[in-house]
Amino acid sequence: MDWLISLATFLVNEILSQPAYLIGLITAAGLIALKKTAGQVVGGALKATLGFLLIGAGAGLVVSSLAPLGGMIQGATGAQGVIPTNEAIVGIAQAQFGARVAWLMILGFAVALVLARFTPLRYVFLTGHHMLFMATLLTMVLATSGRSSVSVVIVGGLLLGILLVAMPAFAHPWTKRITGNNSIAIGHFGTAGYILSGAAGQLVGRRSRSTEDMKLPEGLRFLRDSMVATALSMVLIYVIMSLAYLAKAGRATAFKAFAAEGGSAATDLGNYVMQAVMEGLQFGIAGAVILFGVRTILGELVPAFQGIAGRLVPGAVPSLDAPIVFPYAQNAVLIGFLSSFLGGLVSLALLTWIGHPAFGLALVLPGLVPHFFTGGAAGVYGNATGGRRGAVVGAFLNGVLITFLPALLLKVLGAFGKENTTFGDADFGWFGTLLGNAAKVGATGGTIAMAAIGAVLLGAAVLFQKRVVDTGWDPGARRDALLPREAPAPAGPATAVVRTHAKIAPPPGAPTPPPPPEES
């Protein structure tokens with residue numbers, strides 16, 4: 001019997017407790033269920049395992065790159081400053097919570113499939129990296145409140161499963177307004193920002209023309225490359241903060257800012273600025289490594305999940321990543337990004353003026369990547385219900401959300417609140433803050449409070465699905481009635497011309513809608 005005990009100990013300690021191996025095993029199981037060949041199963045499992053290891057490697061680069069920036073921000077402003085980057089905080093947390101995150105994610109997806117099968121919320125969340133991000137956030141919040149690993153996985157898995165079917169439902173009337181049909185849903189945890197943007201468009205843009213009637217410069221299209229956008233934003237932030245730190249601390253102190261961990265102090269002003277540029281570029285590399293790791297995992301894991309879900313939930317609506325709406329309003333994406341970034345800058349000023357001195361909130365610096373993807377999607381949602389004004393106002397409000405919510409979230413992340421980075425999208429902020437404060441009630445009371453939050457969220461989503469989504473409510477119907485119709489073409493029939501959304505090619509890496517079902 002000793003050999004059985006030794007084998008069990010080996011499996012638990014050396015395989016099942018190692019998240020990289022666990023992800024590989026889950027991928028293999030999914031591929032086997034899809035009846036893939038032995039070579040495809042082995043190759044897919046190995047790629048998923050390597051992808052997870054890449055996330056850890058990129059996280060190490062992120063930590064070393066953020067360290068001098070945090071010191072400069074604190075030295076220049078006297079306040080803690082953070083840059084919301086989902087991949088960075090997830091990579092940092094994997095070292096401590098990797099196994100729990102993996103088990104929580106698996107349980108959460110299983111719960112979501114059960115809910116999609118037996119409730120009206122027939123959404124299958126296929127944005128795997130956001131599933132991983134939310135699983136990590138739930139693990140961090142629950143674990144830092146002192147709960148056992150089993151409690152973290154069970155409670156967090158149930159909450160994750162509810163979120164995976166509830167959030168697409170809440171956004172679906174606005175999503176259908178964009179796509180024109182029920183073929184896809186939004187599966188991205190920036191949903192609160194998209195709903196807010198769509199609602200704002202309804203209020204401010206009833207007679208506003210669509211953004212697609214405008215022509216924007218082609219020169220801004222390069223920001224679609226996430227690695228370029230990340231590196232550019234970090235270079236700008238590093239250079240600005242390094243100059244501010246230089247003005248505050250003086251040359252003798254500032255020139256040593258990049259000398260940590262074996263680095264050399266700057267020799268002159270030019271060398272100091274170029275060290276700041278290099279640190280920003282290094283962050284871009286770190287983000288690219290992490291993103292490549294995430295995509296490597298998802299390239300194998302998501303198809304396995306998708307195949308299983310398709311068999312278990314007939315008639316399911318796939319919930320996909322935010323860029324899925326980009327092709328429906330090209331100009332709105334760029335307008336939304338710029339407006340969201342402006343909202344982030346205004347919010348940063350408010351945090352500096354009021355939030356930090358009065359409430360001790362961290363300074364949340366606006367990054368181009370979260371503002372581009374969530375702001376761009378918010379612009380599309382705002383444009384769908386409010387045209388140009390809707391895109392601008394809605395995306396601006398999204399920028400406010402993804403600045404203030406991360407600042408509040410840091411208050412409940414324990415030691416992770418000092419990592420100079422945090423989660424950036426709206427749903428991570430409001431849900432993590434809500435759960436974190438509920439967890440402070442105590443072990444039993446906190447669990448009851450979190451269960452109540454999950455139950456209310458699920459019940460509200462079911463009610464919303466039945467009373468709003470299934471009844472066909474169109475959030476832009478009033479705007480359609482107010483907008484003047486275009487005159488018909490001279491040779492055409494005597495009917496008004498219906499303007500459709502301008503379509504563009506999706507950005508690199510964007511998911512595509514599933515093909516329509518074949519007619520029998």
Side-chain angles (χ1 to χ4, degrees), residues 127 130 167-168 170-206 208-216 220-221 223-224 226 229 319-343 368-402 425-427 474-476 479-480 483 499-513:
T127 309
H130 264 239
M167 298 314 295
F170 288 129
H172 206 51
W174 291 274
T175 306
K176 286 199 299 182
R177 171 72 182 176
I178 293 169
T179 63
N181 55 54
N182 196 46
S183 61
I184 58 171
I186 193 72
H188 188 272
F189 287 124
T191 308
Y194 310 147
I195 295 173
L196 178 63
S197 183
Q202 291 173 247
L203 293 175
V204 304
R206 293 180 182 176
S208 178
R209 288 286 188 180
S210 170
T211 57
E212 303 317 289
D213 295 333
M214 304 170 60
K215 290 185 178 181
L216 295 179
L220 293 176
R221 300 290 172 81
L223 293 174
R224 287 189 176 187
S226 62
S319 303
L320 303 173
D321 200 355
I324 197 67
V325 302
F326 285 7
Y328 295 92
Q330 174 184 11
N331 293 343
V333 173
L334 296 176
I335 291 174
F337 158 60
L338 296 174
S339 300
S340 181
F341 192 77
L342 177 61
L368 289 183
V369 172
H371 282 286
F372 176 74
F373 285 103
T374 69
V380 176
Y381 275 80
N383 175 66
T385 58
R388 302 171 190 177
R389 286 199 297 269
V392 171
V393 175
F396 181 90
L397 294 176
N398 175 79
V400 173
L401 275 188
I402 65 173
D425 301 331
D427 295 341
D474 182 359
R479 175 172 177 268
D480 290 344
L483 281 177
R499 180 176 295 278
T500 59
H501 291 287
K503 301 284 184 79
I504 59 171
T512 56

Quiz item: Which word best sums up how the rings of F326 and F373 line up, parallel for under 30°, tilted for 30 to 60°, or perpendicular for over 60°?
Solution: parallel
Quiz item: Roughly how far apart are L196 CG and T191 OG1, rounded to 0.5 Å?
Solution: 12.0 Å
Quiz item: A426 and G193: which non-hydrogen atoms are nearest, and at how many Å?
Solution: CB-N, 3.9 Å
Quiz prompt | Worked verdict on R177 versus Q202 for side-chain contact (heavy atoms from CB on, under 4.5 Å) | solution = CA-CA 12 Å; R177 171 72 182 176; Q202 291 173 247; over 6 Å; no
Quiz item: About how many Å separate CD1 of I186 and OG1 of T127, when rounded to the nearest 0.5 Å?
Solution: 7.0 Å
Quiz item: Rounded to the nearest 0.5 Å, what separation is found between the CG atom of L338 and the CZ atom of F372?
Solution: 10.0 Å
Practice problem: Please round to the nearest 0.5 Å and tell me the distance separating atom CG of D425 and atom CG of L401. | Solution: 11.0 Å
Practice problem: Could you pull out the closest heavy-atom pair between A329 and V380, with the gap in Å? | Solution: O-CG2, 3.9 Å
Exercise. Anything under 30° is parallel, anything over 60° is perpendicular, the rest tilted; go ahead and classify Y194 against Y381.
Key: parallel
Quiz item: Which pair of heavy atoms, one from A200 and one from V393, lies closest together, and at what distance?
Solution: CB-CG1, 4.2 Å
Quiz item: Do side-chain atoms of H371 reach the backbone of S340 as a donor and acceptor pair under 3.5 angstrom?
Solution: yes
Self-check item: Whether N398 side chain and A378 backbone form a donor-acceptor pair below 3.5 Å
Solution: no
Exercise. Mind listing the closest non-hydrogen atom pair of S197 and A395 along with its distance?
Key: OG-N, 3.7 Å
Practice problem: To the nearest 0.5 Å, tell me how far I324 CD1 sits from I184 CD1. | Solution: 4.5 Å
Quiz item: Can you tell me if R389 uses its side chain to pair, donor with acceptor, with the backbone of L203 under 3.5 Å?
Solution: no
Self-check item: From F341 atom CZ to I402 atom CD1, the distance as rounded to the nearest 0.5 Å
Solution: 10.0 Å
Self-check item: I335 vs R388 side-chain heavy atoms within contact, under 4.5 Å
Solution: no
Self-check item: Side-chain donor-acceptor pair present, N182, H172, cut-off under 3.5 Å
Solution: yes
Exercise. State, to 0.1 Å, how close H130 and F189 come at their nearest heavy-atom pair, and which atoms those are.
Key: ND1-N, 3.0 Å
Exercise. Search all heavy atoms of W174 against all heavy atoms of T385 and return the closest pair with its distance.
Key: CD1-CG2, 3.7 Å
